[in-house]
Amino acid sequence: MPELPEVETIVRALRAPCVGQRIERVTIKWKRHIATPGAKQFSKQICGQTIRDINRRGKFLVLGLTTDTLLIHLKMSGDLTVVPQSAPPDKHAHTVFHFASGNELRFSDTRKFGRVYLVRDPAEVTGDLGPEPLDDTFTARKLGDILHGHHRALKPLLLDQTVIAGVGNIYADESLHRARLHPLRRSHTLTPDEARALWRSLRYTLNQAIRNQGSSIDRVYRGGEHQNHFRAYDRTGEPCPVCGRPIRRILVGQRGTHYCPNCQRP
DNA sequence: AGCGTCACCCGGACGC
DNA sequence: TGCGTCCGGGTGACGC
């Protein structure tokens with residue numbers, strides 16, 4: 001399921017084949033993918049625009065076009081690929097952008113949760129997102145201030161995109177394990193050392209995953225090699241890499257949460 | 001403010 | 001083998 005590292009991997013892969021390409025035509029096979037504007041208006045508005053640049057904000061892909069911005073959220077099962085129009089059809093490619101060059105950008109999404117947004121100002125979509133955890137401006141001090149500004153359990157706090165952008169279930173569990181912090185620990189009770197440990201583990205975990213070109217646990221999403229490096233996520237019952245005790249799985253806010261009961265004390 | 005619950009989807013895993 | 005059922009994921013809406 002694409003989180004920050006997976007989206008970053010896709011962004012890097014798409015730049016070369018997409019930047020500079022002119023969108024000739026759009027095929028929309030499932031209209032609800034188009035969050036805004038309506039499907040008809042979407043096609044009309046996007047055709048003729050050229051992709052200027054591709055970036056990421058949180059889990060959104062941000063494609064700068066001639067006059068508008070195209071934002072894509074992949075949710076759990078979305079994927080983007082550029083292929084020649086002669087490539088075999090993909091039954092889950094619900095929206096396809098046809099380039100003047102003959103290639104096409106396919107947005108395929110088995111579970112149909114993904115959404116695309118065509119707007120003048122990207123802030124209409126990403127305006128409420130919290131800071132980027134890998135930015136130079138995201139210091140240990142800043143994370144400390146965020147933690148102390150909330151009275152919440154760490155796990156749901158990390159998943160809240162308005163607090164920190166881009167962290168999902170995998171990297172929340174992995175970061176908390178590396179920082180030896182219990183997922184239900186209240187954010188305002190962390191000592192400065194613990195906040196610094198979380199800051200370091202969060203950045204380390206995300207950077208490592210980008211280096212490994214992301215993870216894939218849900219096999220619906222292709223993903224990279226990082227899934228072989230999980231310490232806690234999806235390892236219920238398997239030994240903790242630090243102490244050897246079995247990893248436990250609990251539900252926190254309806255989300256599967258994996259942690260080591262020995263290393264991550266309440 | 002923070003938390004719980006539901007809805008949106010469907011491939012894959014599981015039980016029979 | 002084949003069928004039915006459940007699960008899980010990110011997020012937004014809603015109620016407490």
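This one's a predicted model, so the numbers in the text were calculated from it and none came from an experiment. Lettering of chains follows the sequences in order, A, B, ..., and the numbering in each one begins at 1.
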Is the shortest distance from a Lys or Arg side-chain nitrogen in [X] or [Y] to a carboxylate oxygen in the other one below 4.0 Å?
X      : Y      : value
A/E194 : A/R180 : no
A/R196 : A/D193 : yes
A/K59  : A/E6   : no

Comparing A/K59 and A/L251 on DNA chain C - which has the more 5′ nearest nucleotide |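 Nearest nucleotide further toward 5': that of A/L251.
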
Compute the bend angle of the helix from B/dG2-C/dC16 to B/dC16-C/dG2 from the end axes (five pairs per end), rounded to 10°.
->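 Axis angle across the helix from B/dG2-C/dC16 to B/dC16-C/dG2, nearest 10°: 50°.
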
Do A/D79 and A/S108 get their side chains close enough for a donor-acceptor pair, meaning under 3.5 Å?
->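 There is no such pair (donor and acceptor under 3.5 Å, judged by atom type) between the side chains of A/D79 and A/S108.
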
Does the side chain of A/Q21 pick up a donor-acceptor pair with the side chain of A/N103 at under 3.5 Å?
-> no

State whether the number of non-hydrogen atoms from other residues, nucleotides or ligands found under 6.0 Å of A/D121 atom CG is greater than 12.
->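 Yes.
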
Only one of A/F42, A/Y117, A/F113, A/F107 passes ring-ring contact (aromatic ring centres under 6.0 Å, His included) with A/H33; say which it is.
->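 Filter result, single survivor: A/F107.
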
Distance check needed: [N] [atom2] versus [X] [atom1], whole Å only.
X      : N      : atom1 : atom2 : value
A/E6   : C/dG10 : CD    : P     : 10 Å
A/I72  : C/dG10 : CD1   : P     : 19 Å
A/K75  : C/dG10 : NZ    : P     : 10 Å
A/L74  : B/dC9  : CG    : P     : 17 Å
A/D109 : B/dC10 : CG    : C1'   : 10 Å
A/D160 : C/dT11 : CG    : P     : 10 Å
A/Y117 : C/dG10 : OH    : P     : 15 Å
A/Q161 : C/dA13 : CD    : P     : 15 Å

Can you check whether A/K112 has a side-chain N or O nearer than 4.0 Å to OP1 or OP2 of B/dC8?
-> no

Counting only side-chain N and O atoms of A/Y171, is one of them less than 4.0 Å from OP1 or OP2 of C/dG10?
->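 For A/Y171, the contact criterion (side-chain N or O under 4.0 Å from OP1 or OP2 of C/dG10) is not met.
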
For the pair A/H73 and A/F60, name the ring-plane relationship: parallel under 30°, tilted 30 to 60°, perpendicular over 60°.
-> perpendicular

Distance-minimising heavy-atom pair for A/P37 and A/I34 |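 Between these two residues, the closest heavy atoms are O-CG2, 3.3 Å.
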
Taking only the side-chain heavy atoms of A/R32 (C-beta and beyond), determine which of C/dG10, B/dC8, B/dG11 contains the nearest atom.
->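 Given the options C/dG10, B/dC8, B/dG11, the side chain of A/R32 is closest to B/dC8.
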
Compare the minimum distances between each of B/dC9, C/dG9, C/dG10 and the side chain of A/R249, then state the nucleotide with the smallest one.
-> C/dG9

For A/H92, answer base if it contacts any base atom (sugar-phosphate contacts may also be present), sugar-phosphate if it contacts only those atoms, and nothing otherwise; contact means non-hydrogen atoms under 4.0 Å.
->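 Sugar-phosphate, no base atom in range.
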
Which part of the nucleic acid does A/R115 contact within heavy-atom distance under 4.0 Å: base, sugar-phosphate only, or nothing?
->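 No contact.
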
Polar pair under 3.5 Å, donor/acceptor by atom type, side chain A/R255, base C/dG10 =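 Such a pair exists between side chain and base.
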
Tested for side chain to side chain donor-acceptor pair (under 3.5 Å) against A/H177, the lone hit among A/R235, A/R231, A/H258 is A/R231

Using a cut-off of under 3.5 Å, enumerate the N/O to N/O pairs linking the protein to nucleotides 2-4 of chain B.
residue, atom, partner, partner atom, Å
B/dG2, OP1, A/H151, N, 2.9
B/dG2, OP2, A/H150, ND1, 3.4
B/dC3, OP1, A/A153, N, 3.4
B/dC3, OP1, A/R186, NH1, 2.7
B/dC3, OP1, A/R186, NH2, 3.3
B/dC3, OP2, A/R152, NE, 3.4

